[in-house]
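For ligands, and for the atoms within them, numbers begin at 1 and follow the listed sequence. FYI, side chains are in, hydrogens and waters are out, and symmetry mates aren't considered; it's all heavy atoms of this structure.
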Amino acid sequence: MEEGTAWDFYKTLVYLLKDRLNVGWARTNKQYKYERKQVYYFSMEFLIGKLLAYYLMNLGLTEIVTEGLGELGINLQDLIDEERDAGLGNGGLGRLAACFLDSMAYLQIPGHGNGIRYKYGLFEQKIEQGFQVEVPDHWLKNGYPWEIRKPDKAVIVKFKGHLRVEYDRDRMIFHHENYEPVLAVPYDIPIVAYGNSPNVNTLRLWGAEAVNEEFDLASFNQGEFAKALSNKSEIEAISYILYPQDTTLAGQELRLKQEYFFVAAGLGAIVRRYKKQGGPIECFSQKVSVHINDTHPAMCVPELMRLLMDEEGLAWDDAWNITVNTLSYTNHTLLPEALEKWPIDLMKCTLPRIYLIIEEINRRFEEMLVSKYPGEQKLKDNTIILRDGYVHMANLAVIGCHSVNGVAKLHTEIVKSQVFQGFNVIYPDKFNNKTNGVSHRRFLLHANPSLAGFITEAIGPKWIEDPGELHKLLELQNDAVFLHYLSKAKKQNKINFAGAVKAKFGLELDPSSIFDIQVKRFHAYKRQLLNVLKIMDLYNRLKEQPRLAMFPQTFVFAGKAAPGYYYAKTVIKLINTLAQKINNDPEVNQLIKVVFLENFNVTLAEKIYPVADISEQISTASKEASGTGNMKFMMNGAITLGTLDGATVEIRDAVGKENIFIFGLKAEQVIDYQNRGAYNSWEEYQANPRLKRVVDQLINNFFKDCGNEFRVLYDSLLTHNDEFFILKDFNSYVETAAQITGIYLDEQIWHKKALANIAQSGIFSSDRAIREYAGAIWQV
Ligand SMILES: *Cc1c(COP(=O)(O)O)cnc(C)c1O
């Protein structure tokens, strides 16, 4: 105790907790083993964040642990802070996977996560002189006490080499020779649900290792250390880093290897486990569901075919039926540049057997098209897997899965009518919607204990297990005392947050100002730039009319940009430059402040959502598939200022139009403009002097010493005709923003709207989403 560091104490506490969990973990595994169908959620990303504080809460141990540690003179919060965020994801997609694991465990569904144990998570973001700087996230440096290495369950994954074909009467037998073997070693992480004697599910992450650990001793002895270790490091590179591209394709061979690596390891282990329990392989799909989160695990289609044919001896048609019935796929994006495709040559050489199977799937698919849709060239171009020298992964996924779902009603409609228009003709029954959800236990109960406490006092604790119960809050809409509690919780959160910002950045925030918040990955379609232009316009007006009647506002931003995404990084720099200018200008800084918080991750997210008054959800309509940040804000009583995009449409339907502030073009209008090529950003710019002024300020030395830094943004708006309709939506955005801040003057009305948002947020719990997946897609 005298020698121990906070890290030692943290680790010890986790080990103690794991000891306790093991009983429930073993019980859960046993219970799942015999009874029911297993679900495997395959995802390249799991953004699980920190576990200790959340698990203590779920287990009802926070109080006793606080007390026990207190007797030892240790502060629990200090140990909680020691944990590293498991940042194994980019943003929404990875966090969704984490929320789904949470809800599957809570709902006692035998749902297992399958992913990659990246040695380096998503980079850590630092801001230096206003610029984003990326620092590697070596989160495993001191070990990760939650994981359990299972070397006895390791699997060999084969790359490259060539195929030798042998004929056994009418059967072709493929021998994969001279391949490069990679050992996939599983590490299991417990997923602990909320409750009395909760189920403990498993997230299995695979790490890549050399099969033969005896490195090249001869070279080593001759002093050629690098050569001796080169094979080993080349192999370990497979699970080295998480690719930081959020929506655009990484073309690296390594990425292709990563995808096959965790697919082959995961499916190999699943088939092995299934057979060990003695089930006939013909019944596989009755006992196993494999879900693929976006197309990154789409190689499940050919890999399961390979296992069933080459290893289990099934004929093509039988293997195909099992494969399609086992697999289901979620589409996450409509951006054409984000639809994965791999060069055929690369796939052929890296994964020769997998490529052959894909070729055969494609051949049979084309054959079907010729017989059922003769002469329909457009349909063919829209749906075949192999085209223009590429393997189109989304097409492979749709053909090889029995279910294809979008992540919000609007998104699913656009998926059917645009991206997969052709497939919607061929397989209309495959398509369905499953609107995303978030863990209300993590993002409300755990992240916002003061609000959660008031809710429980008012309507009892049932909402924790059944978020639909939050509806009961509607009865309190005119209860002045309860509205006061809401306002008190928000105020206290803001005071604490302002204290933390002051301690970290030395910046003074006014907790009684309106907190207007946009936190999410930086991307052109998310339109952080629109928000910036709005703030610049507000600044201009304040400078002209210092007595402008307005309520003080604090604009908060956070989020990472992909390291190679110059435009997005420039927007980050712009925000920091604007923050400098505004925060240091005594003429305005009593009324407006701008703050950029570095390194947005789950831990920071949990601190930010609870302090928001306004939730900025301002993507170009039709571009954001669902969004989940919008749901987390809503649960915490923020009021949405947004476009009718993704799940924000459903938020509006739930709360009613008097409790949300909607502006801008609708999805169909955006699509129509695009189809007709009818938008001209120059006209918008010329027609609106306030708009023209802020756009000009990007390049006219309004920002001193910035030279041509923001020219790229100016050009995107005017030279490149404003692909994301920022200028088009500017007017209705600033008007609607003025309306929403106007409402804040009357606290009673404001908190009544906030209450309506909290009360209607139950449907956006991932419990609801998982129940829908379980019933309609996985049949568990
Ligand atoms: C919820 C969440 C996101 C997704 O936010 P959107 O606003 O839906 O893009 C991204 N990152 C983290 C850390 C999150 O918690």
Task: E606 touching ligand 1 at heavy-atom level, < 4.0 angstrom - done: no

Open item on the list: ring-ring contact (aromatic ring centres under 6.0 Å, His included) for F557 and F596? Distances and angles first, verdict last.
Closed with: CA-CA 5 Å; F557 292 88; F596 187 99; 7.2 Å; no

- [ ] Please say whether Q617 places an N or O atom under 3.5 Å from an N or O atom belonging to ligand 1.
- [x] no

- [ ] May I ask you to list the atoms of ligand 1 that are less than 4.0 angstrom from any heavy atom of N601?
- [x] 13 (C)

Open item on the list: Whether K623 and E723 form a salt bridge (side-chain N of Lys/Arg under 4.0 Å from carboxylate O of Asp/Glu) is what I want to check.
Closed with: no

Open item on the list: Ring-plane angle category for W146 and Y55, please: parallel below 30°, perpendicular beyond 60°, tilted otherwise.
Closed with: perpendicular

- [ ] Give the intermediate values and the outcome of ring-ring contact (aromatic ring centres under 6.0 Å, His included) for residues F100 and Y773.
- [x] CA-CA 10 Å; F100 279 7; Y773 277 89; 5.2 Å; yes

Task: Basic-acidic side-chain contact under 4.0 Å: R117, E147 - done: yes

Open item on the list: Between D729 and R527 (salt bridge meaning N to carboxylate O under 4.0 Å), is one present in this structure?
Closed with: yes

TODO: Quick one: closest heavy-atom pair of V192 and P198, and the distance?
DONE: CG1-CG, 4.4 Å

TODO: State the atoms of ligand 1, each with its element, that fall below the 4.0 Å cut-off from a heavy-atom position in G91.
DONE: 10 (C), 11 (N)

- [ ] Please report which non-hydrogen protein atom sits nearest to atom 8 (O) of ligand 1, along with the residue it belongs to and the distance in Å to one decimal place.
- [x] T628 N, 2.8 Å

Task: N or O pair under 3.5 Å between N90 and ligand 1 - done: no

Task: Heavy-atom gap Y609 to ligand 1 smaller than 4.0 Å - done: yes

TODO: May I ask you to check whether K520 has an N/O atom sitting below 3.5 Å from an N/O atom of ligand 1?
DONE: yes

- [ ] May I ask you to check if ligand 1 and K632 share an N or O to N or O distance below 3.5 Å?
- [x] yes

Task: Enumerated ligand 1 atoms positioned under 4.0 Å from heavy atoms of G627 - done: 8 (O)

Task: A605: numbered ligand 1 atoms lying under 4.0 Å from its heavy atoms - done: 15 (O)

Task: Steps toward ring-ring contact (aromatic ring centres under 6.0 Å, His included) verdict (H523, Y565) - done: CA-CA 9 Å; H523 202 290; Y565 192 173; 5.1 Å; yes

Task: Nearest non-hydrogen protein atom, atom 12 (C) of ligand 1 - done: F600 CE2, 3.6 Å

Open item on the list: Please list the nearest protein heavy atom to atom 9 (O) of ligand 1 with its residue and the distance rounded to 0.1 Å.
Closed with: K526 NZ, 2.8 Å

- [ ] Give yes or no for whether the N/O distance cutoff of 3.5 Å, strictly under, is met between G629 and ligand 1.
- [x] yes

Open item on the list: Between E772 and R768, does any NZ, NE, NH1 or NH2 come within less than 4.0 Å of an OD or OE carboxylate oxygen?
Closed with: yes

